[in-house]
Every structure is written in structure tokens, then in C-alpha cells.
2 protein chains.
Amino acid sequence: MIRIIIADDHRLLLEGLAQALDGIPDLEVVATANDGAELIEAVDTHQPDVVLLDIEMPKLTGIQALRKLPDGGPATIMVTMHTDDDQRRRAQTAGAVGFLSKATPLPDLAAAVRAVNAGHNLLTADDPDEVMDDHRQPVLDEGAAALTAREKELLQLLASGVTSTEDLSDRLFISHKTVKNHLANIYEKLAVADRAQAAVEAIRLGLHRKDQ
Amino acid sequence: MIRIIIADDHRLLLEGLAQALDGIPDLEVVATANDGAELIEAVDTHQPDVVLLDIEMPKLTGIQALRKLPDGGPATIMVTMHTDDDQRRRAQTAGAVGFLSKATPLPDLAAAVRAVNAGHNLLTADDPDEVMDDHRQPVLDEGAAALTAREKELLQLLASGVTSTEDLSDRLFISHKTVKNHLANIYEKLAVADRAQAAVEAIRLGLHRKDQ
DNA sequence: CCAGCCATAGGACGCGGGACCCATTCTCCT
DNA sequence: AGGAGAATGGGTCCCGCGTCCTATGGCTGG
């Protein structure tokens, strides 16, 4: 479990990102900070593995806060609105080991967090993309990866509250028997015993939202 | 359930915020968009109740996208980095009914979403703060509010994948019969038909993580 | 004090769900 | 050409689940 602190003065980003990262199995957000001063205190209190730090912040800017962090402290990734080579250099000089835009997709951020936690410096690496790729992990476990398209459709319905064989067969335009066959296959792949457990698992896997 | 679409080119904010809002029982993020063009399409497809729209976006700015939305479409709240009276006026002229900084705390955003969904215009209201305060608490279904402590315990187990009457009675140290009585009461209060639907509903209500 | 609610427990009943069989048709990959 | 897997549909069997009804003890508020 990688322990993370996020610092950003934009609370919507801060609170949203905290919840999103917490939802990733191997990541844990132990604290959040609204400005540089709070960050210094939170790092001291919680001793995180990784810090995500916004460059633009009131009171103490990200770079200033970064300089105040102890040597040998947490690996720090700067997060910024506009990517700017000049700021990137200053971040590196101040001790950052990563530099990402706020336009980065969430899985990339997660990969970067794992990479710097493993000791990599994404700012000095020969091939940062390759380092990142090495720390991507499949979102789904192997059971879920083996699900067919039709089985996912059925799971989506289950997770949205369509639970009876009758309703499922109506929605999918197939017979009761076929629904029960699909369900039996799903139970085996997800290692569950009944449709209630399958629904819970489907939601955990994020299959309840949007198609595909 | 208030159906929401979020548009922002900063994916960390977009994906984080989407997950955070989805965690609120009466809110549902039905789609996200990375730019104005995607937003127009997503609104057409999903017909949301409320749109959260970043002002600064590539291709089509928030204001431009807002103008392209149909009259009588979703209530739109502009979300912006730097609060700027000039932009606020332009947003209002273009048809926005709310205007918030990205530094707004999450509960305030949720309150604003509920307020505009209820027909309020936060830009023209006499006392916007009072309108917001009136919508601060999530409107939980009355059924869920009527759940007893024991029923919530049972629902937590259900939502964590303990689904058979046998397992439930073992975990709660009560007889099979009592479990079935509790379940029947839960079904009535949540207006569901079986334990699979109850599990889905329990997760939606946020009863799956930590106690209380 | 007693009415009302909650948690507990039991009995009886009918239907649906899950387990284990099977077959057919397609598509895709080798 | 052949094989693997996916999607479809069928049959049987039995236990579990959901429904209805009843009952008792404990707590609480009017």
C-alpha cells in the first residue's frame, strides 16, 4: 500500500483526486493539504511515501514547499496546469522526481506514483514512458478479464438492479435458459456463488457505469 | 437521482470529480467530456439534469459550448480556475445558472448541483448562500432513512458480498428466520424485491464502506 | 402504564435460482 | 479443414429464497 499526500488549493481537484486514488487497490491517500504550510505539517505527521504537489498555490508555492521538505523525504511529483519547461527545470532542481500535467489520465498518474515509489526518477530517466509502462497494472483481475462482451452486458444490468432471470431475458432478448447459462459462466469466472455477489463484484470492478 | 455530465480538459480533475460525485447517494455522473465538442454530443446522448462546465477548454471554450447547448436543456454550472466578474457576467448571458471556483469544497458543489436541479438560478438569486444551504443535505430516500441499526448491519454485510442466509445468520449470531425477517423489512423500506437489488442499493447509499 | 417499535424466532408454502446435463449455430484462428 | 470458444436454447432436480402469519421479550416515549 503506497501512502500518498496530495496538496492543491483547488478543493474540487483535491477531494476528487483523493477519492479516485483511494479507489485504486494499492494506493492510499493518508492526508490532503490546501496550501504549502499544511503540506509541510501533514508530511511531518504522516510520513507518506509519495507527495503530489500543485505548483500554483497561495501562501507557499509548490516549488517553495518542495524546498522545505526534508532531504530523503517522500518522493514528490509536481502536478501542474500548464506544462512549462522552465518550471519543469526548477521543479527538478528543487528535488522533484516527477512532473505531470493536470490533463494526465488517472491511470498514468497511478503508474507514475508507483514508479517514483519504486525509486525511479521520471525527470532523469532515459525513457520515462517505458518506466511508466512497467508500473501500469491491469485494472481488472484475470477472472474479470476473461468475461465476454455478452457477460459484461448481463453484469451491467445486474449491477443496475435488474436481478430476476425474467427481467434479464427480456432486456437481452434471449431465453431464460441462456440467461442462466451466462450467469453460471459469470459465477465461475468471478468466483462468486450467486447473482447478489456477482452484482457486488460487478460494481467493484466498475462495470456498472457506461457501456463496454 | 440527479444525472450529471462533467466537462473539463484536465483529466485528473475530471476523473477524480466524477468518482467523488458518484459517491454521493443522490448524484450520478452519467458521462464525462474532455472538450466542448464531446460535451455537446454527450448531452445529446444522455440528456443530463445538470452540466458542470469548465470555462477554459481547448477547441471549444466553456462559454462557446454553453451557447451551443439547446434552450431548455440541462441546468449548467460553470466551473473555473480564477473567479473573474467579467467571465461571470458572460457565463450568465450565455445561459449558465451557476458559477463556482475550482477551490469550492465538494459539499458546496453538491449543494449547488441540487439547487440548480431544483430550478434555482444561483446567479440571479437574492441570497445564493441561503439557497445553497437549503440543499446541503442529500435528500436520502425516506425508505433508507427508516432503516434500523440492525438492518444497516445486515446491509453492510450484503454489500460486502455475504449473501446467503446461512452466512448472514452466522455473522450476526441470529437464526435464519430472523435474517429473513430483517431482509423482508429491508426489501419493503428500500422498495426492492430481492437481496441482489438490496446489495446494489446499499452500495449506492454508501453503506458498504466503514461503519455508520 | 401501556402502545408501539425493534429484535428475536418459528411454521408453511410455492416459485425461482443454481447445479449439472445436453445440443446447435457462428465466428475466428490455426 | 478442423478446433476452440461464444451465444443461443433446452431439460431436470432440489434447495434456498421470498411471502405470510404468529409470537415473545425488551426498550422507549407519551
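Per chain, numbering begins at 1; letters A, B, ... match sequence-line order.
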Could you list the donor-acceptor pairs under 3.5 angstrom formed between side-chain atoms of residues 121-128 of chain B and any protein atom two or more places apart in sequence or on another chain?
{"residue": "B:Asn121", "atom": "OD1", "partner": "B:Leu123", "partner atom": "N", "Å": "2.8"}
{"residue": "B:Asn121", "atom": "OD1", "partner": "B:Thr124", "partner atom": "N", "Å": "3.4"}
{"residue": "B:Asp127", "atom": "OD1", "partner": "B:Asp129", "partner atom": "N", "Å": "3.3"}
{"residue": "B:Asp127", "atom": "OD1", "partner": "B:Glu130", "partner atom": "N", "Å": "3.3"}

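In this structure, A:Leu183 atom CG and D:dT8 atom P are separated by 12 Å, rounded to whole Å. One atom, CG of A:Asn185, and another, C1' of D:dG5, lie 11 Å apart when rounded to the nearest Å.
In this structure, A:Lys102 contributes its side chain and B:His10 its backbone to no donor-acceptor pair below 3.5 Å. When atom types are taken as modelled, the side chain of A:Asn185 and the backbone of A:Asn181 share a donor-acceptor pair closer than 3.5 angstrom. Of the possible polar contacts, one joining the A:Asp49 side chain to the A:Arg3 backbone as a donor-acceptor pair under 3.5 Å is found. Under a 3.5 Å cut-off, the side chain of B:Gln197 and the backbone N or O of A:Gly161 do form a donor-acceptor pair.
The list of ring pair (Phe, Tyr, Trp, His ring centres under 6.0 Å) pairs with a residue in residues 97-123 of chain A, not counting sequence neighbours, reads A:His120-A:His135.
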>> Between B:Thr80 and B:Arg88, does the side chain to side chain donor-acceptor pair (under 3.5 Å) criterion hold? Intermediate values first, please.
In response: CA-CA 10 Å; B:Thr80 182; B:Arg88 188 187 175 97; over 6 Å; no
> Do B:Leu27 and B:Ile2 pass the side chain to side chain contact (heavy atoms under 4.5 Å, CB included) test, and can you show the C-alpha distance, the side-chain angles, and the key distance before you say yes or no?
Replying inline: CA-CA 5 Å; B:Leu27 305 186; B:Ile2 305 178; 3.8 Å; yes
>> One pair to check against side chain to side chain donor-acceptor pair (under 3.5 Å): A:Thr165 and A:Arg195. What are the steps and the verdict?
In response: CA-CA 10 Å; A:Thr165 302; A:Arg195 58 191 74 197; 3.1 Å; yes
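Take the nearest nucleotide of DNA chain C for B:Asp194 and for B:Thr148: the residue whose nucleotide is more 5' is B:Thr148.
Enclosure of atom CD in B:Gln47 by more than 12 non-hydrogen atoms of other residues, nucleotides or ligands within 6.0 angstrom is indicated. Crowding of A:Glu28 atom CD: a count of heavy atoms from other residues, nucleotides or ligands under 6.0 Å exceeding 12.
Contact footprint of chain B on DNA chain C: nucleotides with an atom under 4.0 Å from a non-hydrogen protein atom, first to last in 5' to 3' order, C:dC6 to C:dG11.
End-to-end axis angle for the helix from C:dC1-D:dG30 to C:dT30-D:dA1, using five pairs per end and rounding to 10°, comes out at 50°.
Ionic pairing of B:Arg136 and B:Asp133 is present here: one or more N-O contacts between side-chain nitrogen and carboxylate oxygen are shorter than 4.0 angstrom.
The closest side-chain heavy-atom distance from B:Val113 to B:Ile24 is not below 4.5 Å.
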Quick one: which protein N/O atoms are closer than 3.5 Å to N/O atoms of nucleotides 9-12 of chain D? Pair and distance per line, please.
{"residue": "D:dG9", "atom": "OP2", "partner": "A:Ser175", "partner atom": "N", "Å": "2.6"}
{"residue": "D:dG9", "atom": "OP2", "partner": "A:Thr178", "partner atom": "OG1", "Å": "3.0"}
{"residue": "D:dG9", "atom": "N7", "partner": "A:Asn181", "partner atom": "ND2", "Å": "3.0"}
{"residue": "D:dG9", "atom": "O6", "partner": "A:Asn181", "partner atom": "ND2", "Å": "2.7"}

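A heavy-atom distance below 4.0 Å to DNA chain C is reached by these residues of residues 157-172 of chain A, ordered by number: A:Ser164, A:Thr165.
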